[in-house]
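Basis for what follows: all heavy atoms, side chains included, without hydrogens, waters or symmetry-related copies. So that the names make sense, note that chain A is the first sequence line, chain B the second, and so on, each numbered from 1. As the structure is a computational prediction, the values presented were derived from the model and not from experiment.
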Amino acid sequence: MTVRTRIAPSPTGAPHIGTAYIALFNYAFAKKNKGQFILRIEDTDQQRSTPESEQAIFDALRWVGMAWDEGPDSGGPMGPYRQSERMETYRQYGRELVDKGAAYPCFCTAERLNELRQKQMEDKATVGYDGHCAGLPSDEVARRIAAGEPHVIRMKVPSSGECIFKDRLRDEIRIPWAQVDHQVLLKSDGFPTYHLANVVDDHLMQITHVIRGEEWISSTPKHVLLYQLFGWQPPEFIHLPLLRNPDKSKLSKRKNPTSILYYQRAGFLPAAIRNYLGLMAYSLPDGREFFSLEDLVETFDIDRVSLGGPVFDVQKLQHFNAEYIRAMPPADLLKELKAWALNDEVWLKVLPLAQPRLEQLSDVMDKTSFLFTDRLRYEAAALIPGEMDGLEVAKLIKAAQWLLEVPGAWDTDTVRQVFERIAETKALKLKKLLPIFFVAMAGSTVALPLFDSMVLLGRDMVLRRLQYALDMLDETGVSLKGKTLKKFEKEFQSDYAGS
RNA sequence: GCCCCCAUCGUCUAGUGGCCUAGGACGCCGGGUUCUCAUCCCGGUAACACGGGUUCGAACCCCGUUGGGGGUGCCA
């Protein structure tokens, strides 16, 4: 049987560096075994999935060199590879389970479920569905469905015993069935949940090895049960340790840049990123620390994966990146620079902004350098206009960060609207508000037009610079963290509700 | 709370019972080369979480404790 692995990202935000990490191991394992590596888009969350995010995932994964053999864009024999296009399939398999008595319609409202959860937490009991709708008489079920009452399909789970499955890196894992919830398989909007879609697709797409993050270990029993119910051969499970922040928590954008696009924009080379990621939880058998993707594939041995969660250390990544840059002939470096940002296309966007401000050609670097750099140098005090205090500024920056990270269009109008909205909500003149952001984006209140600059910097770099600004304020003792942050979050939600 | 996973320098890791007075890399510190800086070279700092076993012998095997992480959603 040919080895087939997959990466299955959800298009709900910026393409995550952790996705690249998991993709790399899936890729290396598939290629080492002369198999195929598949990209599948898991867009079953209709609320949060966006086409922009999907496109960004394609671009980012391609950029880091994770060439997939089959995928939504390139097609393949077992498509479609976008779950929103496979609705009929999930519906059928969902019905099969209901017919078999392995799943049942559930009419419980969100309110009831919340109350239930609340109560269970108070009682310190295991949190989970109480089976309220599991025993509904079939005529009542038929009647309520016919009446168009919203419902989900839930999976029946044994109430005793334990699920035993094998993880290639950990050997046997045992989880009591009592710990496994009656998982929703089909949501009330007709979309499947991850659990159903992932099992159905992995089977239909003949995935032989599921290599994913260890956050999935606790829901693996649900998957194992589904394979059993369908009478399918489950794939081999291989759970990789999660990338961590310096404080060891799961890698998150608040504590570390996580968008692949940020790393691209900041001038990291794909080869260096691949190399560095290949060192996360892994080492080559011969101990080499510099290696190409081909080297990794050739010598790849998944059983060498180590299980301690690796801290993603940007400083070490930087070291590898530097080594790659220095090893390059200048002509190649020039090519990289052109591919990165120093090309006609970029300059033709930048120049219209700079041109009115040029007196000599030699002014051009001075006027535009902030658009090409990663970390800006400025004094934290520069962020704080005379009449404001630090915390006030931090809150404005945080609000902008929250408003700007919402996926969707990224153009001058969108950006402008965000700042107009902040100004309006806070009853501030735009003129008072913007200097903060000029400094955060350009390091100075004297710069090219702000909104256009932000569009050119790209969402990921903009969010990164806002984070830098917050970090700098933090260093001066302006702390928007913990309780203060929680409190502000509520404030923010009520301030910016609706509109 | 309950369930699961994990545990070697600050960080990434090598190490699968004797080769370990634990090796490499990043970082940090000191020195050298260089018109400056960076590079480069040399040196240094620093770890087997703890307690019990098993064994002639444990970083490596077993148990417990502690610590960290994840899960506990009509998110993935």
Using distance alone, with no hydrogens and no angle criterion, decide if [X] and [Y] have a side-chain donor and acceptor under 3.5 Å apart.
X	Y	result
Tyr194(A)	Asp45(A)	no
Gln493(A)	Lys490(A)	no
Asp460(A)	Ser259(A)	yes
Asp189(A)	Gln46(A)	no

Provide the distance between the two [atom1] atoms, one in [N] and one in [M], to the nearest whole Å.
N	M	atom1	answer
U45(B)	G24(B)	C1'	16 Å
G51(B)	U13(B)	P	26 Å
U16(B)	G23(B)	C1'	16 Å
C9(B)	G68(B)	P	15 Å
G31(B)	A38(B)	P	13 Å
G10(B)	C48(B)	C1'	16 Å
U39(B)	G32(B)	C1'	14 Å
A25(B)	G43(B)	P	11 Å

At under 4.0 Å between heavy atoms, what does [X] touch on the DNA or RNA strands: base, sugar-phosphate, or nothing?
X	value
Arg212(A)	nothing
Ala281(A)	sugar-phosphate
Gly287(A)	nothing
Ser283(A)	sugar-phosphate
Cys108(A)	base
Ser219(A)	nothing
Val152(A)	base

Q: Starting from the 5' end of RNA chain B, give me the residue, Phe320(A) or Lys248(A), whose nearest nucleotide shows up first.
A: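 Counting from the 5' end, the first nearest nucleotide belongs to Phe320(A).
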
Q. Starting at the 5' end of RNA chain B, which residue's closest nucleotide do you reach first, Asp313(A) or Leu317(A)?
A. Asp313(A)

Between [N] ([atom2]) and [X] ([atom1]): distance, integer Å:
X	N	atom1	atom2	answer
Trp216(A)	A76(B)	CH2	C1'	4 Å
Arg244(A)	C12(B)	CZ	P	9 Å
Asn198(A)	G73(B)	CG	P	18 Å
Leu307(A)	G15(B)	CG	P	13 Å
Lys222(A)	C75(B)	NZ	P	12 Å
Glu172(A)	C5(B)	CD	C1'	15 Å
Leu242(A)	C5(B)	CG	P	15 Å
Tyr276(A)	A25(B)	OH	P	16 Å

Could you label the plane-to-plane angle of the [X] and [Y] rings as parallel, tilted or perpendicular, counting under 30° as parallel and over 60° as perpendicular?
X	Y	value
Phe237(A)	Tyr227(A)	perpendicular
Tyr282(A)	Phe300(A)	tilted
Trp216(A)	His223(A)	tilted

**Q.** Contacts of Ile325(A) that satisfy side chain to side chain contact (heavy atoms under 4.5 Å, CB included) - sequence neighbours left out
**A.** Leu269(A), Asn321(A), Leu333(A)

Using a cut-off of strictly less than 4.0 Å, decide whether [X] has a side-chain nitrogen or oxygen near OP1 or OP2 of [N].
X	N	answer
Thr44(A)	A76(B)	yes
Arg117(A)	U72(B)	no
Lys187(A)	C75(B)	yes
Arg40(A)	A76(B)	no
Arg288(A)	U13(B)	no

Q) Under 3.5 Å, side chain of Lys32(A) to main-chain N/O of Val297(A), donor-acceptor pair present? A) no

Selected nucleotide, minimal atom distance to [X] side chain, candidates [options]:
X	options	value
Lys316(A)	C74(B), U13(B), C26(B)	C26(B)
Ile173(A)	C3(B), G73(B), C4(B)	C4(B)
Glu215(A)	G68(B), G24(B), G71(B)	G71(B)
Val127(A)	C74(B), C3(B), U72(B)	U72(B)
Arg48(A)	A76(B), C75(B), G15(B)	C75(B)
Glu289(A)	G73(B), U11(B), A25(B)	A25(B)
Ile217(A)	C2(B), U13(B), C4(B)	C4(B)

Now, which nucleotide makes the Watson-Crick or G-U wobble pair with [N], with each of the two distances under 3.5 Å?
N	value
C19(B)	none
C26(B)	G10(B)
U72(B)	G1(B)
A49(B)	U65(B)

Q.
Centroid separation under 6.0 Å, is that true for the rings of Phe230(A) and His203(A)?
A.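 When the ring centroids of His203(A) and Phe230(A) are compared, they turn out to be at least 6.0 Å apart.
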
Q. Under 6.0 Å between the ring centres of Tyr324(A) and Phe320(A)?
A.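 No, the ring centres sit 6.0 Å or more apart.
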
Q: Mark yes or no for a side-chain to base donor-acceptor pair under 3.5 Å between Glu214(A) and G69(B), with no hydrogen or angle criteria applied.
A: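 For Glu214(A), whose side chain was compared with the base of G69(B), there is no donor-acceptor pair (under 3.5 Å).
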
Q.
Tell me if the side-chain of Ser218(A) makes a donor-acceptor pair with the base of C3(B), cut-off 3.5 Å, by modelled atom types.
A. no

Q: For each nucleotide in nucleotides 28-47 of chain B, reading 5' to 3', give B when a protein heavy atom comes within less than 4.0 Å of its base, S when such contact involves only the sugar-phosphate, and - otherwise.
A: -----------SS-------

